[in-house]
Colleague: 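This is the structure I want to talk about, given as structure tokens.
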Protein chains: 2
Amino acid sequence: MPHDDAIAATFAPHDHQQCASRVLDEAATRLAGQGARLTPVRRRTLEILLESHRAMGAYEVLDRLAAEGFGRQPPVAYRALEFLVTHGLAHRLQRLNAFAACLHPGHDHHPAFLICRSCDKVAEAAAAPIRDALTAVAAQGGFRVERATVEALGLCATCAEEGVA
Amino acid sequence: MPHDDAIAATFAPHDHQQCASRVLDEAATRLAGQGARLTPVRRRTLEILLESHRAMGAYEVLDRLAAEGFGRQPPVAYRALEFLVTHGLAHRLQRLNAFAACLHPGHDHHPAFLICRSCDKVAEAAAAPIRDALTAVAAQGGFRVERATVEALGLCATCAEEGVA
DNA sequence: GTTGACTTGTTATGCTGTAACACACAGAAC
DNA sequence: GTTCTGTGTGTTACAGCATAACAAGTCAAC
Ligand SMILES: [Zn+2]
Ligand SMILES: [Zn+2]
Ligand SMILES: [Zn+2]
Ligand SMILES: [Zn+2]
């Protein structure tokens, strides 16, 4: 589960090199434990997503892969992305038709997303309290929630401090 | 705001004829008050959405409109749908790339959606408690939520009673 | 070394959404 | 009543997102 300040850490300036390589290590370890293979395309795709905290469209990822000698047809990117999502290493953002690397693989695989409309960065927030509220409201109507999509658009602390309205 | 049992009412069998015409009346009244025009295409589009409690894709709506003598090109449907969404008479569902009529126009324009995976119907739930939880979690990270997308996939009471797993 | 599961690449196509332009029509200005 | 202006409706053409179906390479297991 993300710490209370995992959100702020995402948006604030930080040693992103270390941030990315930590996630990559965790990902490799995690996959090894599942017997899944982090092949070159898949690894490179994850690295590309990890270059920033933004979400990227599949075709944006594809352009990068193609430029580096991988296939240049859509399924190449979509398959790698689907693999990452399936194994909890990336998330899909419905609002953006885009993908973002998961920053704490192995924890909460259906987090709430906070998308800054100014810097475009995406943070993952603990979904449990939100899911609880949703489940409660739904239960009053006899509805059983199985999966929830929670994506918030707004302004991050860093952008707010810089005076973005 | 939806009543506690507005959710159940959506999924359970009911006098949908009356359900639809009530919404249509409210919509007309509401638009008149805003000086907006419920033209034939727009009205028909809303009626089509109101035929069921399901969400429809823009092209599905377009086919219907075209069959009834309206234009057969995508912008015809997208424009009518955009108008309805802008005026709070319909909602867009991100997960489904689809649109559904708003069942209580004028109340909570950013509800949480409950989508039944069995009967495909969509209900609107009170978003306030969920938004509060989300806002609180985000605030801990310094993030200010402006708009939130909350869409739950699950099973409605009616389908559950019918033994759908 | 052959089998079979998996991965990666391709071509082709389908679904979703928008930009730009032409015309019709209503109400205001004259 | 004519002209102007804004809004609405229709078109063509295109952009962006996603998948189906097939071919060929890899690699461990047998
Ligand atoms: Zn980082
Ligand atoms: Zn920001
Ligand atoms: Zn109804
Ligand atoms: Zn149902």
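Each chain gets a letter, A, B and so on, in the order the sequences are listed, and its residues count up from 1.
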Colleague: When the nearest nucleotide of DNA chain D is assigned to B:Arg37 and to B:Gly71 on a heavy-atom basis, which residue is associated with the more 5' position?
Modeller: B:Arg37
Colleague: Using atom CG of A:Asp63 as one end and atom P of D:dC17 as the other, report the distance to the nearest whole Å.
Modeller: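 Atom CG in A:Asp63 sits about 11 Å away from atom P in D:dC17.
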Colleague: What about the rings of A:His91 and A:Phe99, do their centers lie closer together than 6.0 Å?
Modeller: no
Colleague: Throw together a table of side-chain donor-acceptor distances under 3.5 angstrom for residues 39-51 of chain B, partners on residues two or more places apart or in other chains.
Modeller:
residue	atom	partner	partner atom	Å
B:Arg42	NH1	B:Arg37	O	2.8
B:Arg43	NE	B:Glu47	OE2	3.2
B:Arg44	NE	B:Glu68	OE1	2.5
B:Arg44	NH1	B:Glu47	OE1	2.6
B:Arg44	NH2	B:Glu68	OE2	3.3
B:Thr45	OG1	B:Val41	O	2.7
B:Glu51	OE1	B:Arg64	NH1	2.9
B:Glu51	OE2	B:Arg64	NH2	3.0

Colleague: Using every non-hydrogen atom in the two residues, find where A:Ala77 and A:Leu65 come nearest and quote the distance to one decimal.
Modeller: CA-CD1, 4.3 Å
Colleague: Could you identify which residues of residues 40-48 of chain A place a heavy atom less than 4.0 Å from some atom of DNA chain C, listed by residue number, or say none?
Modeller: A:Val41, A:Arg42
Colleague: Just how far, in rounded Å, is P of D:dG10 from CZ of B:Arg72?
Modeller: 11 Å
Colleague: Any donor and acceptor pair, going by atom type alone, linking the side chain of A:His16 with main-chain N or O of A:His14 inside 3.5 Å?
Modeller: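 Absent.
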Colleague: How long is the line joining CZ of B:Phe83 and P of D:dG8, in whole Å?
Modeller: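 About 7 Å, once rounded to whole Å.
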Colleague: Output a table of donor-acceptor pairs, distance under 3.5 Å, between side-chain atoms of residues 144-159 of chain B and any protein atom two or more places apart or on a different chain; print 'none' if there are none.
Modeller:
residue	atom	partner	partner atom	Å
B:Arg144	NH2	B:Glu146	OE2	3.2
B:Glu146	OE1	A:Arg117	NE	2.6
B:Glu146	OE2	A:Arg117	NE	3.3
B:Glu146	OE2	A:Arg117	NH2	2.9
B:Thr149	OG1	A:Arg95	NH1	2.4
B:Glu151	OE1	B:Gln94	N	3.4
B:Glu151	OE1	B:Arg95	N	2.9
B:Glu151	OE2	B:Gln94	N	2.8
B:Thr158	OG1	B:Phe11	O	3.3

Colleague: Quick one: are A:Leu114 and A:Val122 in side-chain contact, heavy atoms under 4.5 Å?
Modeller: no
Colleague: Identify the heavy atoms of A:Ala101 and A:Glu124 that sit nearest to each other, and give their distance.
Modeller: O-OE2, 3.7 Å
Colleague: Can you tell me how far P of D:dT7 sits from CG of B:Leu38, to the nearest Å?
Modeller: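 These atoms are roughly 18 Å apart.
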Colleague: Are the side chains of A:Cys19 and A:His53 in touch, meaning some heavy atoms are under 4.5 Å apart?
Modeller: yes
Colleague: D:dA20 C1' sits how many Å from A:Arg79 CZ, rounded?
Modeller: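 So the CZ-C1' distance, A:Arg79 to D:dA20, works out to 11 Å.
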Colleague: Starting from C1' on D:dT11, measure out to CZ on B:Phe70 and report it in whole angstrom.
Modeller: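 Atom CZ in B:Phe70 sits about 17 Å away from atom C1' in D:dT11.
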Colleague: Side chain to side chain contact (heavy atoms under 4.5 Å, CB included) with B:Asp25: which residues, sequence neighbours excluded?
Modeller: none
Colleague: Which residues in residues 23-34 of chain A have a heavy atom closer than 4.0 Å to any atom of DNA chain D?
Modeller: none
Colleague: Would you say A:Val61 and A:Ile115 are hydrophobically clustered, going by side-chain heavy atoms of ILVMFWY under 4.5 Å?
Modeller: no
Colleague: Can you name the atoms? Protein N/O to nucleotides 13-19 of chain C N/O, anything below 3.5 Å, with the distance.
Modeller:
residue	atom	partner	partner atom	Å
C:dG17	OP1	B:Arg92	NH2	2.7
C:dG17	OP2	B:Tyr78	OH	3.0
C:dG17	O5'	B:Tyr78	OH	3.4
C:dG17	N7	B:Tyr59	OH	2.7
C:dG17	O6	B:Tyr59	OH	3.4

Colleague: Are any of the side-chain nitrogens in B:Glu82 or B:Arg92 under 4.0 Å away from the carboxylate oxygens of its partner?
Modeller: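 Between B:Arg92 and B:Glu82 there is no salt bridge, as every charged N stays at least 4.0 Å from the carboxylate O atoms.
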Colleague: Could you state the atom-to-atom distance from CD of A:Glu82 to C1' of C:dC6 in whole Å?
Modeller: 14 Å
